[in-house]
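Both backbone and side-chain heavy atoms feed into the values below; hydrogens, waters and symmetry mates do not.
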Amino acid sequence: MAALRGASRRIGGHPSLQTYLQGKWAFNRKMTHTDNGTSLGSVDQATAIFAPVAVKEKDDKDDEDTNSQNQLLYREEGNVIFAQSTSSTPLPFYREYLYSFKSTTTADVSFWRPGNVEEHLKFFHTLQVSEEGIGATSEHLCIDDLYVATINVASDCMFIATWVVEGPNKQYTITTEFTRDERKE
């Protein structure tokens, strides 16, 4: 029981990474060139939601066995402005991922693309935090580009995700600051 109480204090006041992440978040994202720090673009005042996965009735034809109790569906959306673009018009975007929690501090993250048979539920990376809320690095190799992620739980209402991307034509860092959105809709 002492370990659970300790973890509760460390992961933003929650007993697990899953309960910490669940809910609505606002985020800002900066993309910078790794070598010289110049801006490549930004996302301001975007939203992200970690929501329980809807349980669907399993029938004989459905072999997709998911334990939705230990999963959250993540959806982010907003507008990105690329620094090198000739237009300052924000471009809308969204992304979705499935987080399958393996322990109180670890989740496997997969692409959520139901309309794309080849990509849907394809493994992306493993997200892990220590009991202190400090993230272990996680890697994703995309062809020749290596994406290295770290998450740091700063408080009960803020965490920071950092991706360092290196490859033949890519040298940049993506830093995203999430703050819990407590507004009632």
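- Residue Y20 comes nearest to I11 through the heavy atom pair CD1-O, 3.6 Å, listed as atom of the first residue, atom of the second, then distance.
- Residues satisfying the side-chain hydrogen bond (donor to acceptor under 3.5 Å, both in side chains) criterion with R180, sequence neighbours excluded, are absent altogether.
- Residues satisfying the side-chain contact (heavy atoms from CB on, under 4.5 Å) test with P92, not counting sequence neighbours, are N79.
- S138 meets the side-chain hydrogen bond (donor to acceptor under 3.5 Å, both in side chains) test with H125; sequence neighbours excluded.
- For the pair D144 (side chain) and P168 (backbone), a donor-acceptor distance under 3.5 Å is absent.
- The shortest non-hydrogen separation linking S42 to K30 is CB-NZ, 3.9 Å.
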Evaluate L121 against L98 for side chain to side chain contact (heavy atoms under 4.5 Å, CB included), listing each step before the verdict. CA-CA 7 Å; L121 297 178; L98 181 67; 3.6 Å; yes
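- Under the 4.5 Å side-chain heavy-atom criterion for grouping Ile, Leu, Val, Met, Phe, Trp and Tyr, F111 is connected to V109 within one hydrophobic cluster.
- The side-chain contact (heavy atoms from CB on, under 4.5 Å) check on Q128 picks up T106, A136, with sequence neighbours excluded.
- Using modelled atom types and a 3.5 Å distance limit, the side chains of E76 and Y74 yield a donor-acceptor pair.
- For A26, the side-chain contact (heavy atoms from CB on, under 4.5 Å) test picks out T179, with sequence neighbours left out.
- With hydrogens and angles left out, the side-chain atoms of D108 and S100 include no donor and acceptor closer than 3.5 Å.
- Residues satisfying the ring pair (Phe, Tyr, Trp, His ring centres under 6.0 Å) criterion with H33, sequence neighbours excluded, are absent altogether.
- Contact between Q18 and L72 at its shortest, heavy atoms only, is O-CD1, 3.5 Å.
- Other members of the cluster containing F123 do not exist, because no ILVMFWY side chain is joined to it at under 4.5 Å.
- Legend: residues meeting side-chain hydrogen bond (donor to acceptor under 3.5 Å, both in side chains) with E77, ordered by chain and number and at least two apart, are R75.
- Under the 4.5 Å side-chain criterion, counting only non-hydrogen atoms from C-beta, S103 is not in contact with L17.
- Residues that satisfy the side-chain hydrogen bond (donor to acceptor under 3.5 Å, both in side chains) test with S39, not counting sequence neighbours, are absent from this structure.
- In terms of hydrophobic clustering, with Ile, Leu, Val, Met, Phe, Trp and Tyr side chains grouped at heavy-atom distances under 4.5 Å, Y172 and L91 are assigned to a common cluster.
- The two residues W25 and G23 make their nearest non-hydrogen contact at CD1-O, 3.5 Å.
- Within a 6.0 Å sphere centred on CG of L141, heavy atoms belonging to other residues, nucleotides or ligands number more than 12.
- Residues passing the ring pair (Phe, Tyr, Trp, His ring centres under 6.0 Å) test with F101, sequence neighbours excluded: none.
- Evaluation of the side-chain contact (heavy atoms from CB on, under 4.5 Å) rule for T176 yields F27, R29, I174, F178 as partners, not counting sequence neighbours.
- The line from CG of D145 to CD of E166 is 10.0 Å long, rounded to the nearest 0.5 Å.
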N/O donor-acceptor pairs under 3.5 Å from side chains in residues 146-165, not counting sequence neighbours:
unit_1	atom_1	unit_2	atom_2	d
Y147	OH	K170	NZ	3.1
S155	OG	C157	N	3.2
S155	OG	M158	N	3.2

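- Here CG of L73 is found 10.0 Å from CD1 of I49. Values are rounded to the nearest 0.5 Å.
- Both F93 and L40 belong to a common hydrophobic cluster when Ile, Leu, Val, Met, Phe, Trp and Tyr are linked at side-chain heavy-atom distances under 4.5 angstrom.
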